[in-house]
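Take a look at the structure set out below.
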There are 2 protein chains.
Amino acid sequence: MEEKFRRSLYPELDDIDYGIVRALQENARLPFTQIAKELGVTEKTIRMRVQQMQDEGVLSLVGIVNPVKAGLNVQAFVQIATEADKLDDVVAVLNGIVEVRLVVLTSGDYQLITQILVRNYEELSQFLMKTLNKIPGVTRVNVINELKILKSKYKFVR
Amino acid sequence: MEEKFRRSLYPELDDIDYGIVRALQENARLPFTQIAKELGVTEKTIRMRVQQMQDEGVLSLVGIVNPVKAGLNVQAFVQIATEADKLDDVVAVLNGIVEVRLVVLTSGDYQLITQILVRNYEELSQFLMKTLNKIPGVTRVNVINELKILKSKYKFVR
DNA sequence: TTACTATAATACGAATTTCGACAATATGCA
DNA sequence: TGCATATTGTCGAAATTCGTATTATAGTAA
């Protein structure tokens with residue numbers, strides 16, 4: 001059974017939705033009137049569809065700060081293995097830690113992969129030793145330092 | 001020597017910039033007049049600073065699509081080891097592949113970690129066998145399946 | 001098919017926001 | 001201090017957004 005995430009009548013994103021997404025991907029502040037003109041519908045239609053897609057979690061219009069420019073110069077992927085029955089607790093703790101940008105449940109040697117953003121290596125070692133290793137249930141940790149981001153894109157819709 | 005990324009006069013983000021970022025992080029379309037009212041400056045000031053921060057790559061105002069809602073149901077981290085002198089070439093190829101959302105140079109057993117977004121496991125295996133393994137210089141690959149995203153945040157500024 | 005219902009799209013005027021040109025003010029530096 | 005430059009403010013015109021009421025459309029059931 002397919003999950004319906006968009007209107008009861010039209011279960012999927014249609015051409016207008018994709019047109020909206022394509023436009024707003026590049027510039028979240030593009031006037032709805034301009035998108036409307038391009039797509040041949042009224043501004044109100046664009047406005048309503050954007051609202052719907054936002055409500056449904058399909059689309060987010062956000063400001064993103066370049067972490068390096070905000071002083072977060074050190075980034076790392078950290079894989080975490082936990083005792084099986086403590087996984088939920090570990091995740092709950094990670095959820096509350098501001099340095100943790102991403103937590104993903106994975107297959108493989110470690111149950112979790114996380115992404116950590118901190119100001120410098122001092123903060124990274126503090127995080128690893130004072131925070132992560134103190135979380136009950138964490139058994140093993142693998143740190144993958146991010147030396148340089150070579151490609152990064154948020155635009156999925158073409 | 002510290003990199004200056006903001007004005008020759010003011011090398012860092014100041015309180016107004018942070019106020020702007022905090023506001024736009026939540027809603028990229030928030031009217032500048034409202035931000036201005038909150039911060040006690042004019043709309044023109046907000047407008048100019050947003051423009052500057054965008055020009056400098058500090059801030060991006062973008063629409064982000066939930067990949068799952070856009071049909072990209074299978075996501076994986078893929079670590080890649082390459083012949084030392086072929087690293088650049090491999091990265092160049094990865095740059096041109098749409099399924100590749102992220103490429104990061106890392107420390108550790110593999111030089112690269114990438115994030116792959118595809119529609120289904122059929123596409124993932126196609127990508128691994130027909131695309132990745134055919135890139136000259138790739139010697140070893142480690143696939144970490146993303147089973148569930150437990151935390152994900154783009155907001156760095158508090 | 002036809003009528004009914006719910007959802008989506010349009011029309012449109014008022015309120016708000018954006019934009020640009022110019023003036024005033026601040027800052028960095030010699 | 002004073003000059004040069006960058007930032008901020010003022011303000012009116014143009015564009016955009018917003019809300020209400022109306023029309024159109026698709027799905028559903030008789």
Side-chain angles (χ1 to χ4, degrees), chain A residues 1-66 69-71 157, chain B residues 1-66 69-71 157:
Chain A
M1 185 171 58
E2 188 127 349
E3 187 199 357
K4 299 191 176 189
F5 58 88
R6 173 125 191 83
R7 303 188 192 84
S8 50
L9 290 81
Y10 309 97
E12 299 214 12
L13 302 186
D14 62 15
D15 291 346
I16 293 176
D17 292 323
Y18 276 111
I20 291 170
V21 166
R22 260 191 296 274
L24 292 178
Q25 262 186 160
E26 306 293 331
N27 174 12
R29 291 185 78 93
L30 193 65
F32 293 161
T33 49
Q34 288 188 35
I35 303 174
K37 207 181 298 174
E38 275 178 34
L39 300 179
V41 293
T42 59
E43 171 271 338
K44 179 70 203 274
T45 299
I46 306 296
R47 194 170 6 127
M48 190 206 52
R49 280 170 176 255
V50 167
Q51 186 63 55
Q52 282 188 343
M53 287 194 283
Q54 291 191 92
D55 291 346
E56 290 156 1
V58 177
L59 177 67
S60 308
L61 302 176
V62 297
I64 292 181
V65 183
N66 183 330
K69 304 280 174 122
V157 175
Chain B
M1 183 171 60
E2 187 127 348
E3 188 201 356
K4 298 191 177 191
F5 57 86
R6 174 127 188 82
R7 305 188 192 85
S8 48
L9 292 79
Y10 308 96
E12 298 214 11
L13 301 186
D14 63 14
D15 291 347
I16 294 176
D17 292 323
Y18 276 111
I20 292 171
V21 166
R22 260 190 297 274
L24 292 178
Q25 262 186 162
E26 305 295 331
N27 174 11
R29 292 186 76 94
L30 193 65
F32 293 161
T33 49
Q34 288 188 35
I35 303 173
K37 209 181 296 174
E38 276 179 34
L39 300 179
V41 293
T42 59
E43 172 269 339
K44 180 68 202 282
T45 299
I46 307 296
R47 188 163 20 121
M48 194 208 51
R49 281 171 178 252
V50 168
Q51 187 61 56
Q52 282 189 342
M53 287 195 283
Q54 286 186 299
D55 291 347
E56 289 155 1
V58 176
L59 177 67
S60 308
L61 302 176
V62 297
I64 292 182
V65 183
N66 183 330
K69 305 276 175 127
V157 175

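Residue numbers start from 1 in every chain, and the chains themselves are labelled A, B, ... in the order their sequence lines are given, proteins ahead of strands.
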My understanding is that a pair needs two contacts under 3.5 Å, Watson-Crick or G-U wobble. By that rule, which nucleotide pairs with C:dT1? D:dA30

Does a side-chain N or O from B:Q34 land closer than 4.0 Å to OP1 or OP2 of C:dT16, or not? no

Minimum-distance nucleotide to A:E43 side chain [options: C:dT17, D:dT17, C:dA8]: D:dT17

Output the rounded distance in Å from CZ (A:R49) to P (D:dT25). 14 Å

5'-most contact on DNA chain C: B:R47 or A:T42, nearest heavy atom basis? A:T42

Where the side chain of B:M48 is defined as all heavy atoms beyond and including C-beta, which of C:dA8, D:dT7, C:dT18 is the nearest nucleotide? D:dT7

In B:L13, B:L39, B:V41, the residue satisfying side-chain contact (heavy atoms from CB on, under 4.5 Å) with B:I20 is B:L39

Whole-Å distance, A:I16 CD1 to D:dA26 P, equals 12 Å

Quickly work out the A:Q51 CD to D:dC18 P distance and round it to whole Å. 9 Å

Can you see if the side chain of B:R29 gets near the phosphate of D:dT16 - specifically, an N or O under 4.0 Å from OP1 or OP2? no

Expected label for C:dA26 (glycosidic angle, syn inside 90° of 0, else anti) would be syn

OP1 or OP2 of C:dT7 less than 4.0 angstrom from a side-chain nitrogen or oxygen of A:Q52, does that happen here? no

Please determine, for C:dA26, whether a Watson-Crick or G-U wobble partner exists with both distances under 3.5 Å, and give it or none. none

Over how many whole Å does the gap from A:L39 atom CG to C:dT10 atom C1' extend? 16 Å

Atom-pair distance (NZ on B:K44; P on D:dG12), nearest Å: 16 Å

Determine: side-chain N/O of B:T45 to OP1/OP2 of D:dT7, distance under 4.0 Å, yes or no. no

Can you check whether A:L61 reaches A:V50 side chain to side chain, under 4.5 Å on heavy atoms? yes

Whole-Å distance separating the CD1 atom of A:I35 from the C1' atom of D:dT16: 12 Å

Take atom CG of B:D17 and atom C1' of D:dT7, then tell me their distance rounded to the nearest Å. 12 Å

Atom NZ of A:K37 and atom C1' of C:dA9: how far apart are they, to the nearest Å? 19 Å

Do B:R47 side-chain atoms and B:T33 backbone N/O form a donor-acceptor pair below 3.5 Å? no

Could you tell me whether B:D15 atom CG has more than 12 heavy atoms of other residues or ligands within 6.0 Å of it? no

What I'd like to find out is whether the side chain of A:R49 reaches to under 4.5 Å of the side chain of A:D14, using heavy atoms alone. yes

